[in-house]
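These notes concern the structure reproduced below.
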Amino acid sequence: MKYSIVIPVYNEAESIPELIDRVSEACRRLGRFEIICVDDGSTDGSFSRLTEAGARVPELKIISFAANAGKSDALDAGFRAATGEVIITLDADLQNPPEEIPRFIEALDGVDAVFGR
């Protein structure tokens with residue numbers, strides 16, 4: 001099974017290196033995955049940080065909006081680009097630990113959706 005991690009990004013340049021490293025580390029144990037970051041018109045260099053991360057994490061796909069469109073549009077773009085059978089969303093500010101991703105996958109057994117808070 002392939003997993004798609006969709007992450008809307010807006011002005012999170014400082015957290016991006018750690019975010020991508022932690023998400024990719026958490027997902028490597030799961031098998032096939034992709035990380036889709038949607039830069040929602042950031043003005044702080046987030047896109048550059050994403051590009052740098054993409055050079056070392058081949059599973060990273062980047063979508064970039066010219067202007068801020070909002071979280072819903074960023075998620076929608078990420079969902080449309082996703083190729084995994086399972087989609088997981090995360091915020092870019094690391095308020096939700098990427099290390100919890102395997103627990104969400106385990107909780108999917110026999111159900112259609114899993115939510116955390």
Side-chain angles (χ1 to χ4, degrees):
M1 182 172 298
K2 183 176 180 180
Y3 303 96
S4 297
I5 314 303
V6 175
I7 307 171
V9 175
Y10 182 70
N11 289 343
E12 293 290 346
E14 292 304 313
S15 66
I16 287 171
E18 180 181 354
L19 170 73
I20 300 305
D21 289 345
R22 288 174 62 187
V23 171
S24 62
E25 179 64 29
C27 291
R28 290 209 190 284
R29 293 170 275 173
L30 299 173
R32 295 181 329 131
F33 71 95
E34 64 186 353
I35 304 168
I36 302 170
C37 287
V38 182
D39 180 26
D40 189 16
S42 295
T43 58
D44 71 340
S46 290
F47 181 75
S48 294
R49 288 286 178 98
L50 287 168
T51 302
E52 292 166 6
R56 67 179 195 286
V57 179
E59 297 87 359
L60 178 60
K61 296 180 181 179
I62 305 165
I63 299 169
S64 181
F65 291 174
N68 183 256
K71 185 174 183 177
S72 293
D73 284 348
L75 285 170
D76 182 58
F79 294 158
R80 290 175 188 271
T83 61
E85 292 90 349
V86 172
I87 298 174
I88 299 166
T89 63
L90 283 178
D91 289 338
D93 62 4
L94 291 167
Q95 83 175 18
N96 306 111
E99 294 78 15
E100 295 295 317
I101 292 171
R103 290 183 61 203
F104 279 83
I105 300 302
E106 290 173 18
L108 273 172
D109 189 30
V111 299
D112 294 327
V114 176
F115 299 90
R117 62 180 178 106

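We number each residue from 1, following the sequence as shown. Please read all numbers here as calculations on a predicted model, not as lab measurements.
Clustering ILVMFWY residues whenever any of their side-chain heavy atoms sit less than 4.5 angstrom apart, transitively, puts I87 in a cluster other than the one holding V114. Each of V23 and V6 belongs to its own hydrophobic cluster when Ile, Leu, Val, Met, Phe, Trp and Tyr are linked at side-chain heavy-atom distances under 4.5 angstrom. Linking Ile, Leu, Val, Met, Phe, Trp and Tyr residues whenever their side-chain heavy atoms come within less than 4.5 Å places V111 and I88 in a single cluster.
A distance-only check finds a donor-acceptor pair linking the side chain of E85 to the backbone of K2 [under 3.5 Å]. Under a 3.5 Å cut-off, the side chain of D91 and the backbone N or O of D93 do not form any donor-acceptor pair. The main-chain N or O of D40 is found under 3.5 Å from a side-chain atom of N68 such that the two form a donor-acceptor pair.
To the nearest 0.5 Å, the span separating OG1 on T83 from CD1 on I36 amounts to 6.5 Å. Distance CG/D39 to OH/Y10: 9.5 Å, rounded to 0.5 Å. Taking CD1 of I62 as the start and CD1 of I7 as the end, the distance is 11.0 Å to the nearest 0.5 Å. In this structure, L30 CG and I105 CD1 are separated by 5.5 Å, a value rounded to the nearest 0.5 Å. From I101, atom CD1 reaches atom CD1 of I5 across 4.0 Å, with rounding to the nearest 0.5 Å. E25 contributes atom CD, which lies 12.5 Å from atom CD of E18 (distance to the nearest 0.5 angstrom).
Counting all heavy atoms, side chain and backbone alike, I63 lies closest to A81 at CD1-CB, 3.7 Å. The minimum heavy-atom distance linking I16 with S46 is given by the pair CD1-O, 3.5 Å. Smallest separation of non-hydrogen atoms from A92 and E12: CB-CG, 3.8 Å. Nearest heavy-atom pair, F65 versus D73, reported as atom, atom and distance to 0.1 Å: CZ-O, 3.7 Å. In this structure, R103 and E100 approach most closely via the heavy-atom pair NH1-OE1, 2.6 Å. What you find for L60 and G54 is that their closest heavy atoms are CD2-N, 3.5 Å.
Within the 4.5 Å cutoff, side-chain heavy atoms of F79 are placed close to those of T89. Side-chain contact between I20 and C37 is present, with heavy atoms from C-beta onward closer than 4.5 Å.
By the side chain to side chain contact (heavy atoms under 4.5 Å, CB included) test, S24 pairs with R28, F33, I35, V57, sequence neighbours left out.
For the side-chain hydrogen bond (donor to acceptor under 3.5 Å, both in side chains) condition, the pairs that include at least one residue of residues 49-58, sequence neighbours left out, are D21-R56.
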